[in-house]
J.: 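Following this message is one structure expressed as structure tokens.
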Amino acid sequence: MIYREVIFVKCARCGKTFDETKQDYCGFCKTVHNKKGEAIRDLKGILRYIADKYGEQTILDRRRTDALIADCFPKETAARRLGYVALYDGCAQKLYAVREKPFEVKCAAAARCIKSLRDEIGIKGRIATEAVEAVGCAVGCEISFKKSEVLPASETESKKNITDAAEQYSLGRHFDRIREYEKALYWFESAALQDHGEAEYYMGSYRLEGRGGIQNLDQAREWFVRGMENGVAQAEYMVGYFFAEGISCEVDEDKAFNCFLNAAKKGCAEAVNMVALCYENGVHTEKNPELAKKWRKQLAGGEAVVIAPENEAPKLPDPDVEKPKPLPDDGEELYQSARRCMAEKDMEGAALFYKRAAEAGHARAQCSYGKCLYTGNGVPKDPAEAFRWFKTAADQELNIAQYNLGVMYLKGVYVPKDHTEARKWFDKAAQNGHEDAEKILKKLK
């Protein structure tokens, strides 16, 4: 008599046990489990299960895939809905067709699919990315855009509604400036997935230098190529550098110099310097001291390069024309950095940026920094300094600052209680459109 080995597995969903040797799903709640005994509930696992059991080409049939999800995973209605829209507009077919192609080709195809889901279906950026990744995994087109480590829920809570590529890129720049590279990488990657050229350049830099935890020269080059295709001069310069040094590709001096030259014509200072060096030393092109001198002169002038025909120096600006003076720093960029810190619940960082923007003359930052001082968020409580910053912003006719001064006079915080002075500031705030100030004025009268 042959005895069959019985393996009982505890369902990860309902807690009941079932015989794994007979079936791969729980007989009580119908939850399918993988070979490790883990419940399959996410879209990636579901599509991978169907592809393994029924073949990868099954995923190309949207209706059949939907029917199989309904039959095999009756409890996972949310995943089923996401799976149905993830296969919209031939997503599976597009990824299946490029599964053997280079990384950058697969990335470009995935980016187009993500854009379709985001713009035409209305799925938020990160969810769209995860859906396309799931489809790609099922059809043998592995696209790994996610972080190597999933951020804790507490860190991602404030990020879930930010889907605009420009805002994601701006957040990446903010965290890059303050050297929080893992957070910067998260946002650059989110923006790069939506085909944001500058974010793709930063992704290349991060992969090249290993910032954020992962160094991968092949991926660095592929991200630089994508950035170059989107017209980013610095990315094109880096592609030239890779060709010149033979990093993740064959050495090709002609392509290297063409990349340097094109990037220089777009105003990339590093590329201008490299073109001058090439002409001076006869590296990657023929030696030409005259052209080298003209490029050097252009670099010294610090002006944007005007595109010139091949093997010609750029047109130099007219020295008699007065250069426009740079606008004064109004603190807006620092103010936005402070708001991003607030979104990340980084109160100390927010207070720091609010202070710097306030010192630059930004009225709303002056008021916000005053509030930090008033409440003790990110800085020690200092009502005197809070009053000073509220007054500075109020003198710029900012209604919320005028309202705050009224509150301080009304309650006697730092200053003596003075209803007359309070009414004066509430009246100014009301005239500037502050609704709460109007309500308090009615009570004071």
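Hydrogens, waters and symmetry mates play no part in the numbers below; they use all other heavy atoms, side chains included.
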J.: So, using side chain to side chain contact (heavy atoms under 4.5 Å, CB included) as the criterion, who are the partners of R112 when residues are at least two apart?
T.: A108, A109

J.: Taking salt bridge (Lys or Arg N to Asp or Glu O under 4.0 Å) as the test, write out the residues that go with E180, two or more places apart.
T.: K183

J.: Identify, with sequence neighbours excluded, every residue that meets side-chain hydrogen bond (donor to acceptor under 3.5 Å, both in side chains) alongside Q234.
T.: none

J.: Identify, with sequence neighbours excluded, every residue that meets ring-ring contact (aromatic ring centres under 6.0 Å, His included) alongside F243.
T.: none

J.: Please list, chain by chain and in numerical order, all residues satisfying side-chain hydrogen bond (donor to acceptor under 3.5 Å, both in side chains) with Q57, sequence neighbours excluded.
T.: Y96

J.: Who passes side chain to side chain contact (heavy atoms under 4.5 Å, CB included) against A437, sequence neighbours left out?
T.: Y403, F426, A429, A430, H434

J.: Report the residues that fulfil side chain to side chain contact (heavy atoms under 4.5 Å, CB included) with R356, sequence neighbours left out, ordered by chain and then residue number.
T.: L334, L352, F353

J.: Name all residues meeting the side-chain hydrogen bond (donor to acceptor under 3.5 Å, both in side chains) criterion together with N281; count only those two or more places apart in sequence or in a different chain, and write none if there are none.
T.: none

J.: Sequence neighbours excluded, which residues qualify as side-chain hydrogen bond (donor to acceptor under 3.5 Å, both in side chains) partners of Y169?
T.: R173

J.: For D66, check salt bridge (Lys or Arg N to Asp or Glu O under 4.0 Å) against everything at least two apart and list the hits.
T.: R80

J.: Just jot down the salt bridge (Lys or Arg N to Asp or Glu O under 4.0 Å) partners of E209, sequence neighbours excluded, or say none.
T.: R211

J.: Test of understanding: with side chain to side chain contact (heavy atoms under 4.5 Å, CB included), list the residues that count as partners of R364, not counting sequence neighbours.
T.: Y335, H362, L398

